[in-house]
Amino acid sequence: IVDLLPVLDSFDLAFKNKAVWESLPEDWRKGMESIYTQLQNILSSHGVTKLDLIGMPFDPRFGDAVSMQPVTDKSADHTVMDVLQTGYTLNDKPIRIAKVVVGEYHE
């Protein structure tokens with residue numbers, strides 16, 4: 001299962017660049033989205049879950065803080081601000097932790 005995660009990463013990168021993605025033919029985009037959904041569904045049926053960490057308190061069990069982002073809102077201190085690489089669990093146990101950007105409060 002871990003060997004398939006880079007394939008999901010490639011899809012995520014393709015989808016992330018909205019300008020380029022939306023410039024592609026609609027039928028091609030729908031086909032790629034369908035393949036991505038199929039892959040996610042297969043992994044999900046085997047207990048793999050994508051970690052949704054944005055806005056959550058930073059937890060080193062599920063994320064690796066690769067950088068800090070200054071924040072002026074104290075409630076955002078030690079909160080995941082962005083995910084650079086998605087993390088996944090298998091039956092609720094981490095199989096790959098996410099690479100994240102964490103908020104760091106500054107007055």
Side-chain angles (χ1 to χ4, degrees):
I1 288 175
V2 173
D3 292 341
L4 293 174
L5 299 181
V7 176
L8 292 175
D9 293 339
S10 295
F11 276 106
D12 289 341
L13 286 173
F15 298 153
K16 196 170 191 172
N17 189 337
K18 298 283 185 204
V20 172
W21 183 252
E22 291 173 1
S23 72
L24 298 171
E26 183 178 356
D27 288 344
W28 191 87
R29 288 193 324 254
K30 285 183 178 184
M32 294 302 291
E33 290 165 352
S34 177
I35 294 167
Y36 179 69
T37 299
Q38 286 176 323
L39 180 56
Q40 283 186 314
N41 290 340
I42 290 168
L43 291 173
S44 178
S45 73
H46 290 281
V48 176
T49 304
K50 183 178 184 176
L51 292 171
D52 185 16
L53 300 177
I54 292 182
M56 302 297 292
F58 173 70
D59 184 339
R61 294 175 300 157
F62 301 107
D64 177 19
V66 295
S67 72
M68 303 298 283
Q69 176 180 322
V71 294
T72 56
D73 181 354
K74 192 169 187 169
S75 68
D77 191 39
H78 294 330
T79 298
V80 176
M81 306 304 291
D82 194 12
V83 174
L84 305 177
Q85 183 181 48
T86 303
Y88 294 89
T89 60
L90 174 60
N91 299 321
D92 298 322
K93 294 180 182 174
I95 57 172
R96 184 177 82 183
I97 63 173
K99 294 186 186 312
V100 299
V101 176
V102 177
E104 183 175 43
Y105 176 69
H106 293 283
E107 289 187 53

When rounded to the nearest 0.5 Å, the distance separating CD of Glu107 from OG1 of Thr72 is 11.0 Å
Does CG belonging to Asn41 count more than 12 external heavy atoms closer than 6.0 Å? yes
Single-linkage hydrophobic cluster Val7~Trp21, side-chain heavy atoms < 4.5 angstrom: yes
Report yes or no: do Phe15 and Trp28 belong to one cluster of Ile/Leu/Val/Met/Phe/Trp/Tyr joined by side chain heavy-atom distances under 4.5 Å? yes
Atom of Ile97, atom of Pro60 and distance for their closest heavy-atom approach: CD1-O, 4.4 Å
Residues Lys99 and Asp9 bridged, charged N to O under 4.0 Å: no
Partner of Phe11 by side-chain contact (heavy atoms from CB on, under 4.5 Å), out of Lys16, Met32, Gln40: Met32
Gap separating the CG atom of Leu43 from the NE2 atom of His46, nearest 0.5 angstrom: 7.5 Å
With heavy-atom distances below 4.5 Å as the criterion, would you say the side chains of Ile42 and Leu4 are in contact? no
Roughly how far, to the nearest 0.5 Å, is the CG atom of Asn91 from the OG1 atom of Thr49? 8.0 Å
Asp77 side, atom CG; Glu104 side, atom CD - distance, nearest 0.5 Å: 7.0 Å
Contact check, side chains of Leu5 and Ile95, non-hydrogen atoms, under 4.5 Å: yes
With side-chain contact (heavy atoms from CB on, under 4.5 Å) as the criterion, how do Asp12 and Tyr36 come out once you've worked through the C-alpha distance, each side chain's angles and the decisive distance to 0.1 Å? CA-CA 9 Å; Asp12 289 341; Tyr36 179 69; 2.8 Å; yes
Identify the heavy atoms of Val71 and Met81 that sit nearest to each other, and give their distance. CG1-CE, 3.9 Å
Could you check whether any side-chain N or O of Ser23 sits under 3.5 Å from a backbone N or O of Val20, counting only pairs where one atom can act as donor and the other as acceptor? yes
Identify whether Val102 and Phe62 are in the same connected component of the hydrophobic contact network (ILVMFWY, side-chain heavy atoms under 4.5 Å). yes
Nearest heavy-atom pair of Ala98 and Gly87: which atoms, and what distance? CB-N, 3.5 Å
Between Val2 and Val48, is there shared hydrophobic-cluster membership here, with clusters defined by ILVMFWY side-chain heavy atoms closer than 4.5 Å? yes
Please round to the nearest 0.5 Å and tell me the distance separating atom OH of Tyr105 and atom CG of Asp73. 8.5 Å
Honestly curious: do Phe58 and Met68 fall in one hydrophobic cluster under the side-chain, below-4.5 Å linking rule? yes
Tell me, do Thr86 and Leu8 make a side-chain contact under 4.5 Å, heavy atoms counted? no
State, with a plain yes or no, whether a side-chain heavy atom of Tyr88 is found less than 4.5 Å away from one of Ile1. no
Has the side chain of Ser34 got a donor or acceptor atom that lies under 3.5 Å from a matching backbone atom of Lys30? no
